[in-house]
S.K.: 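I'd like to ask you about the structure that follows.
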Amino acid sequence: MRVVICGGGVIGACTAYFLRRHGVDVIVVERTEVAAAASGKAGGFLARDWCAGTPLDALARRSFTLHAQLPEEIAGDWGYRPMNAYAGFVTPDGDARAGTPSALSWLADGVIISQRIGTTDTTAIVHPHKFTSAVLNAALARGAELRVGRVTGIVRGADGTTAKGVEVDGGMIEADAVVIAMGPWSLLAAQWMSLPAVYGQRSPSIVYDIGPNVPADALFLECESDGTAVSIEVFPRADGSAHLTALSDIAPLPLDPAAVTPDHKAIARLQTMCERLSPLFRPEKIIAQQACFRPVTEDGLPLIGRIPHSDGLYVATGHNVWGILNAPATGEAMAQLIADGVTSDVNLAPFNPARLKPLDPSLLQAR
Ligand SMILES: Cc1cc2nc3c(=O)[nH]c(=O)nc-3n(C[C@H](O)[C@H](O)[C@H](O)COP(=O)(O)OP(=O)(O)OC[C@H]3O[C@@H](n4cnc5c(N)ncnc54)[C@H](O)[C@@H]3O)c2cc1C
């Protein structure tokens, strides 16, 4: 059996790895480069039970366990490390508490920590670009193939429902099964199959070099910026980089993933906020100013499973803010579904693409 996976983000990489563990032949087709989009630019924060009480709970818990196991199984260092997580706020200028030393010594005065919301048992982090690359490399080492090319359609058999392969740059790659894992660009696949809408939600981020001595403290802070309350997330990583993000906005998704750029005003605003958090966030320490699009669906849950009214067509996307966390269990479940016909670790019923109305393909024709 040969499976073609469309998209070399974290979901495609994990699906490829677990399919190879099942001995299934895999070709990953990636338009630009592995982890070129959100999977290379995310924070990489992982939480065991922050999805408790939602349909994502089992997927998140299984993924959290797999994240802890994968460093034993796969070559490479992607900075997996358990961490603490704290909530707090930044005092406005002029606030009487502005000179108050922070409870965490690496933070500036006036950054007030109000509670611990994660411990090294329940929260962790990976470097998402290194993680995605390491998992894909592990799949390649087990015999998977990576091809750089743009998927432009699906090829079906004479019955009109059975997948026979994918169109790539004017050619065809034959397959017994096809997985759409193109993140927000999965939207385009609604032209080729009965697929609910997938949207892109843009977020800017800045990566600083803060050195390896900063403790593993993730921060979720409320901060005033230009007269509005803004939530900012701070993730120091094992390689000495720190990822800071805030200010999500709605922006048109460029057709080419390589054309995603940040909004300069949003980056400037984010940088001003970062500089209030710690003397470590200095302009000369900036490694990257970037943006990426999270894949989101109408009900906020991912689409993971078989495409209705078809044979051999699957989708795995729409993971929103938890794609790095939930990739391993998604890949594991997709591999079980494709190879065995059923999943054994996580029930995919809440994520069945059939639960949502398919997008009307005529809405995409102008694109
Ligand atoms: C700022 C930010 C911070 C985040 N932080 C976290 C976090 O801390 N923890 C967490 O769990 N999640 C986080 N996320 C969410 C996470 O990044 C995403 O959910 C996840 O990366 C989505 O992965 P994906 O593989 O579905 O999509 P993507 O990473 O978008 O990958 C899709 C791939 O498909 C390729 N592609 C597109 N079109 C085609 C085509 N026609 N043919 C072939 N290939 C194609 C693209 O080039 C791309 O490489 C964050 C997201 C953002 C934006």
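These numbers come from a predicted model, not from an experiment. For the numbers below, each heavy atom of this structure counts, side chains included, while hydrogens, waters and symmetry mates do not. Numbering of residues begins at 1 and proceeds along the displayed sequence. For ligands, and for the atoms within them, numbers begin at 1 and follow the listed sequence.
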S.K.: Could you tell me which residues satisfy side-chain contact (heavy atoms from CB on, under 4.5 Å) with Pro82, sequence neighbours excluded, listed by chain and number?
M.R.: Tyr80, Thr120

S.K.: Hey, is Lys164 close enough to Asp176 for a salt bridge, meaning N to O under 4.0 Å?
M.R.: no

S.K.: Indicate whether any N or O donor in one side chain lies under 3.5 Å from an N or O acceptor in the other, for Asn213 and Trp106.
M.R.: no

S.K.: Quick one: does Trp185 get an N or O within less than 3.5 Å of an N or O on ligand 1?
M.R.: no

S.K.: Nearest heavy atom to atom 47 (O) of ligand 1 wins, so pick from Glu30, Arg202, Arg31, His129.
M.R.: Glu30

S.K.: Starting from atom 53 (C) of ligand 1, locate the nearest protein heavy atom and write down its residue, its atom name and how far away it is, to 0.1 Å.
M.R.: Cys292 SG, 2.6 Å

S.K.: Suppose we measure from atom 10 (C) of ligand 1 to each protein heavy atom; which comes out shortest, and what is that distance?
M.R.: Val321 O, 3.0 Å

S.K.: Note the single closest protein heavy atom to atom 40 (C) of ligand 1, along with its residue, its atom name and the distance in Å.
M.R.: Met182 SD, 3.4 Å

S.K.: Does the side chain of Ser248 pick up a donor-acceptor pair with the side chain of Ser203 at under 3.5 Å?
M.R.: yes

S.K.: Going by the rule side-chain contact (heavy atoms from CB on, under 4.5 Å), which residues pair with Ala141 if we only count those two or more places apart in sequence or in a different chain?
M.R.: none

S.K.: What residue and heavy atom of the protein are closest to atom 31 (O) of ligand 1, and at what distance?
M.R.: Gly9 CA, 3.5 Å

S.K.: For ligand 1, which is the ligand I care about here, please tell me if Phe235 has any N or O atom under 3.5 Å from one of the ligand's N or O atoms.
M.R.: no

S.K.: So which protein heavy atom does atom 9 (N) of ligand 1 come closest to, and at what separation?
M.R.: Phe45 O, 2.9 Å

S.K.: Flag Pro204 as yes when one of its N or O atoms lies below 3.5 Å from any N or O atom of ligand 1, and as no otherwise.
M.R.: no

S.K.: Side chain of Ser205, backbone of Thr245: donor and acceptor closer than 3.5 Å?
M.R.: no

S.K.: Do you see a donor-acceptor pair shorter than 3.5 Å between the side chains of Glu30 and Thr32?
M.R.: yes

S.K.: Out of Ala42, Gly318, Gly183, who is nearest to atom 17 (O) of ligand 1 when you count heavy atoms only?
M.R.: Ala42

S.K.: Any idea which atoms of ligand 1 are less than 4.0 Å away from a heavy-atom of Pro184?
M.R.: 30 (O)

S.K.: How are the rings of Phe235 and Phe220 set to each other: parallel, tilted or perpendicular (split at 30° and 60°)?
M.R.: perpendicular

S.K.: In terms of residue, atom name and distance, what is the protein heavy atom nearest to atom 26 (O) of ligand 1?
M.R.: Ile11 CG1, 3.4 Å

S.K.: Can you sort out which atoms of ligand 1 are near Gly149, meaning under 4.0 Å from one of its heavy atoms?
M.R.: 42 (N), 43 (C)

S.K.: When you measure from the heavy atoms of Ala13 to every atom of ligand 1, does any distance fall below 4.0 Å?
M.R.: no

S.K.: Examine ligand 1 and decide if any of its atoms is less than 4.0 Å from a heavy atom belonging to Cys6.
M.R.: no

S.K.: Heavy-atom count around Asp77 CG within 6.0 Å, excluding the residue itself: above 12?
M.R.: no

S.K.: Of the protein's non-hydrogen atoms, which lies at the shortest distance from atom 28 (P) of ligand 1, and what is that distance?
M.R.: Ser39 OG, 3.8 Å

